[in-house]
Number of protein chains: 2
Amino acid sequence: MRYKAGLETRDKILEATRSRVAAAGLDGTTIKAICDEAGILPGSFYNLFDSKEEAVLAVVRQAIDAVDPDPDHQGTDTLAELVEAYIAFITTQGDLARVYIRLALSGVGDNAEFKGRVMRHHQGRVSRFSSAIGREHPEMAEAETQRRAETLVSALNGIALHRVMDPDFDVAVHARGLLTDALTGVS
Amino acid sequence: MRYKAGLETRDKILEATRSRVAAAGLDGTTIKAICDEAGILPGSFYNLFDSKEEAVLAVVRQAIDAVDPDPDHQGTDTLAELVEAYIAFITTQGDLARVYIRLALSGVGDNAEFKGRVMRHHQGRVSRFSSAIGREHPEMAEAETQRRAETLVSALNGIALHRVMDPDFDVAVHARGLLTDALTGVS
DNA sequence: TTCAAATTAGAGTCAATACTCAAATATCAG
DNA sequence: CTGATATTTGAGTATTGACTCTAATTTGAA
């Protein structure tokens with residue numbers, strides 16, 4: 001293979017970018033930090049990427065893809081499966097989970113760049129959850145499944161956000177609790 | 001009053017800082033942006049604050065204080081009241097709500113500066129919620145009220161996070177739903 | 001082994017950043 | 001009105017950021 005070295009360097013860069021974005025955020029990540037962690041120099045970076053943005057975007061795509069596994073099961077998955085998949089993502093994909101949460105927040109302010117992407121992704125997730133609820137509860141109106149899906153997806157993100165700050169936080173227990181308990185107390 | 005002008009300038013700076021932090025984040029906020037929005041020059045800024053960090057911290061404190069109103073009601077508030085207070089905060093305090101959510105994420109990475117502060121604040125909120133649940137459900141074990149409070153506070157933050165990105169998101173409906181529905185579908 | 005293409009090195013550019021400081025101006029007590 | 005003090009000005013410093021470019025080095029096909 002002709003371009004092997006270049007591709008290996010590219011992988012090292014992406015790995016370093018993922019780690020830095022997880023730790024410092026989409027904007028807080030610097031070329032120097034990426035290069036230091038990847039063990040290369042800026043010149044090499046710019047042989048393989050046109051800009052910092054390009055590397056960051058690649059990592060953002062990785063994170064988004066990792067959240068929604070098996071898009072082929074789209075029309076058949078159960079709500080419990082979707083929740084378990086999210087639990088697994090958050091607990092086993094440390095850096096990518098951090099990137100994902102960083103991303104969710106990048107849509108907050110001026111950052112129009114990512115905002116559309118984040119919103120589209122969120123819509124997709126909500127409708128997947130909504131379909132699963134509808135399949136399990138055919139008597140429920142669509143507006144109602146939609147509403148519950150929106151609440152659930154947002155709540156799960158809140159749980160992920162907290163876990164990312166506190167590694168001892170038990171994502172599984174809290175996420176599953178959302179499915180079975182109303183939080184006021186009556187089970 | 002002798003130092004009136006200075007105090008007014010200080011207020012303008014804090015207002016501008018709040019707006020910028022809400023839009024660009026704790027780190028993304030620049031002195032220039034603050035000064036432009038406040039209609040002053042950097043020299044004036046440094047007459048009233050020792051550093052950018054100091055102004056940002058002042059705003060962060062405002063946000064934290066605004067989330068937990070009436071600390072005197074501490075031992076008597078109901079869960080519904082706490083949730084309604086949070087709904088009101090998110091829906092009526094636009095910029096401060098954005099600052100609050102920004103803050104929640106600043107504890108994620110290297111940023112040890114804010115991490116402790118965020119965690120302490122979160123602990124306080126959870127125990128306030130937990131007490132309210134315990135008061136309304138004396139039969140419930142403390143570990144259980146604690147667990148539910150943790151889930152609820154995290155879930156509410158997730159809802160706030162989404163609302164901050166999408167102004168049409170109906171915080172009230174979704175937050176109240178957490179209290180009454182298990183999200184799997186059975187009401 | 002050779003040589004052209006692929007890859008890396010590392011110094012250098014330009015803009016933006018946080019922060020400083022001496023001089024100019026506004027304010028107000030006496 | 002006057003002078004001391006509070007306040008603002010705006011140009012300046014040192015640092016760090018993303019990104020560029022040319023020369024050196026490595027690689028692999030012939």
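Quick note on labels: first sequence line is chain A, next is B, and so on, each numbered from 1. Computed from a predicted structure; not experimentally measured.
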Among all residues two or more places apart in sequence or in another chain, which pass the side chain to side chain donor-acceptor pair (under 3.5 Å) test with [X]?
| X | value |
| --- | --- |
| A:D65 | none |
| A:R163 | none |
| B:T29 | none |

Inset, instruction - Answer whether the closest heavy-atom distance between the side chains of B:E37 and B:S19 falls below 4.5 Å. - result: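 Yes - at least one pair of side-chain heavy atoms lies under 4.5 Å apart.
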Between [N] atom [atom2] and [X] atom [atom1], what is the distance in whole Å?
| X | N | atom1 | atom2 | answer |
| --- | --- | --- | --- | --- |
| B:E8 | D:dT7 | CD | P | 10 Å |
| B:I13 | D:dT7 | CD1 | C1' | 11 Å |
| B:L41 | C:dC21 | CG | P | 18 Å |
| A:I40 | C:dT7 | CD1 | P | 13 Å |
| B:I34 | C:dT17 | CD1 | P | 11 Å |

Legend entry - Contact state string [nucleotides 11-25 of chain D, B base, S sugar-phosphate only, - no protein heavy atom under 4.0 Å]: ------SSBBB----
Legend entry - ring-ring contact (aromatic ring centres under 6.0 Å, His included): pairs with one or both residues in residues 140-164 of chain A, sequence neighbours excluded: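 Of all non-adjacent pairs touching residues 140-164 of chain A, those that pass ring-ring contact (aromatic ring centres under 6.0 Å, His included) are A:H162-A:F169, A:H162-B:H122.
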Run the side-chain donor-acceptor check on residues 82-93 of chain A: report pairs under 3.5 Å with partners two or more places apart or on a different chain.
from, atom 1, to, atom 2, distance (Å)
A:E84, OE1, A:R176, NH2, 3.1
A:E84, OE2, A:R176, NE, 2.8
A:Y86, OH, A:N157, OD1, 2.7
A:T91, OG1, A:I87, O, 2.8
A:T91, OG1, A:A88, O, 3.4
A:T92, OG1, A:A88, O, 2.7

